[in-house]
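For reference, the structure discussed in these notes is given below.
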Amino acid sequence: MYIKKSEREQRQSGAIVKTDRLHYNGCMKQLLNTASALDMLSGDTSLYKLLADSFLYENHFERHTFNALITARKLTEAASYVHRTKGAAGQIGAELLHEAGQQLEDALRGRSDGDIAELAAHFANIYDKTISALTEQHTRI
């Protein structure tokens, strides 16, 4: 699934952007691609900071909530729960989390045959890494 991993820092709009790049399904994806997110926001750094704050402090992915939905076999609700985090991840340029969320959501909705437990563990791992990278970036902005 992962072919190559590297880290680098780049300057974009005065902010340091830490990236964790992976070749994922034939495409280069980054843990946190702030440049891409800012492009989607027409360079509005204030809006980006607002979205990043929301992701960090308001839009938490709670494993116990997700696990309770899975245990209750409420797969559609679990998919919607993942969808919310996936969408927020896309807005802040968290490409790997967005991709992992899409795969998990597809499995939960029966659109793919992925192993839900494996995909959920991967999603949670990438979520934690995204939170760490975003927190580190946030302290520099």
Side-chain angles (χ1 to χ4, degrees), residues 1-112 114-141:
M1 186 186 308
Y2 300 117
I3 300 170
K4 182 179 178 184
K5 181 176 181 179
S6 66
E7 280 192 11
R8 69 187 175 111
E9 289 188 354
Q10 59 182 329
R11 294 214 177 259
Q12 177 70 28
S13 301
I16 295 174
V17 181
K18 182 174 183 174
T19 60
D20 191 353
R21 293 179 162 214
L22 300 174
H23 286 282
Y24 194 83
N25 291 338
C27 298
M28 181 65 84
K29 300 284 183 178
Q30 295 181 32
L31 185 63
L32 194 57
N33 187 344
T34 307
S36 173
L38 285 170
D39 283 345
M40 288 187 290
L41 300 172
S42 300
D44 189 338
T45 56
S46 295
L47 180 55
Y48 180 81
K49 289 176 187 176
L50 180 70
L51 293 170
D53 282 346
S54 177
F55 191 86
L56 282 171
Y57 306 115
E58 298 169 16
N59 184 26
H60 293 247
F61 178 77
E62 303 289 345
R63 285 176 186 78
H64 66 274
T65 300
F66 176 77
N67 290 337
L69 292 170
I70 296 298
T71 300
R73 302 296 301 157
K74 295 182 177 182
L75 300 184
T76 300
E77 289 179 40
S80 294
Y81 190 68
V82 169
H83 180 87
R84 184 188 78 190
T85 301
K86 177 196 79 171
Q91 291 179 326
I92 62 166
E95 295 173 337
L96 291 177
L97 185 59
H98 187 268
E99 179 72 26
Q102 185 64 60
Q103 290 182 359
L104 178 55
E105 182 183 354
D106 286 348
L108 289 165
R109 293 190 191 279
R111 296 187 290 220
S112 74
D115 181 306
I116 291 172
E118 183 179 307
L119 291 170
H122 177 66
F123 181 78
N125 182 16
I126 297 296
Y127 177 82
D128 290 342
K129 289 179 179 181
T130 300
I131 291 294
S132 293
L134 190 58
T135 300
E136 182 180 322
Q137 173 191 302
H138 227 55
T139 61
R140 294 179 183 187
I141 295 177

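Basis for what follows: all heavy atoms, side chains included, without hydrogens, waters or symmetry-related copies.
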ask   = Going by heavy atoms in the side chains, are L104 and F66 under 4.5 Å from each other?
value = yes
request  = Give the ring-plane orientation class for F123 versus F61, where under 30° counts as parallel, over 60° as perpendicular and anything between as tilted.
outcome  = perpendicular
request  = Grab the two heavy atoms, one from A107 and one from G114, that are nearest each other, plus how far apart they are.
outcome  = CB-O, 3.8 Å
note = For residues 84-112, the ring-ring contact (aromatic ring centres under 6.0 Å, His included) pairs (sequence neighbours left out) are none
inquiry  = Could you check whether any side-chain N or O of Y81 sits under 3.5 Å from a backbone N or O of E62, counting only pairs where one atom can act as donor and the other as acceptor?
reply    = yes
query = In Å and rounded to the nearest 0.5 Å, what is the CD1 to OG distance from I92 to S36?
reply = 11.5 Å
task = Any chance you could lay out the side chain to side chain contact (heavy atoms under 4.5 Å, CB included) test for Y127 and H60, step after step, and finish with the verdict?
result = CA-CA 10 Å; Y127 177 82; H60 293 247; 4.1 Å; yes
message = For the CD1 atom of I131 and the CZ atom of F55, what is their distance to the nearest 0.5 Å?
response = 4.5 Å
remark   = Smallest heavy-atom separation, H122 atom then A100 atom, equals CD2-CB, 3.7 Å
task = Taking the side chain as every heavy atom from C-beta outward, state whether L96 and T130 have any pair of such atoms under 4.5 Å apart.
result = no
inquiry  = Measuring from atom CZ of R109 to atom OG of S80, what distance do you get when rounded to the nearest 0.5 angstrom?
reply    = 4.5 Å
message = According to salt bridge (Lys or Arg N to Asp or Glu O under 4.0 Å), does anything in residues 70-83 pair up with another residue at least two apart or in another chain? List the pairs.
response = none
remark   = Separation between OG1 (T45) and CG (L38), nearest 0.5 Å, reads 7.0 Å
query = Which atom pair, heavy atoms only, marks the closest approach of M40 to Q91?
reply = CE-O, 4.4 Å
request  = Compare every heavy atom of A88 with every heavy atom of N59, then report the nearest pair and how far apart it is.
outcome  = ND2-CB, 2.9 Å
ask   = Taking atom CD1 of I126 and atom NZ of K29, what is their separation to the nearest 0.5 Å?
value = 12.5 Å
ask   = With D106, which residues qualify under salt bridge (Lys or Arg N to Asp or Glu O under 4.0 Å), at least two apart?
value = R111
ask   = Between L31 and K129, what is the shortest heavy-atom contact and its length?
value = CD2-O, 3.7 Å
note = Those residues at least two apart in sequence (or on a different chain) that pass side-chain hydrogen bond (donor to acceptor under 3.5 Å, both in side chains) with D53 are H138
message = Would you compute the distance between atom CD of Q102 and atom CG of L97 and round it to the nearest 0.5 angstrom?
response = 11.5 Å
D44: side-chain hydrogen bond (donor to acceptor under 3.5 Å, both in side chains) partners, not counting sequence neighbours = none
task = Tell me, please, which residues at least two apart from D128 pass salt bridge (Lys or Arg N to Asp or Glu O under 4.0 Å).
result = R63
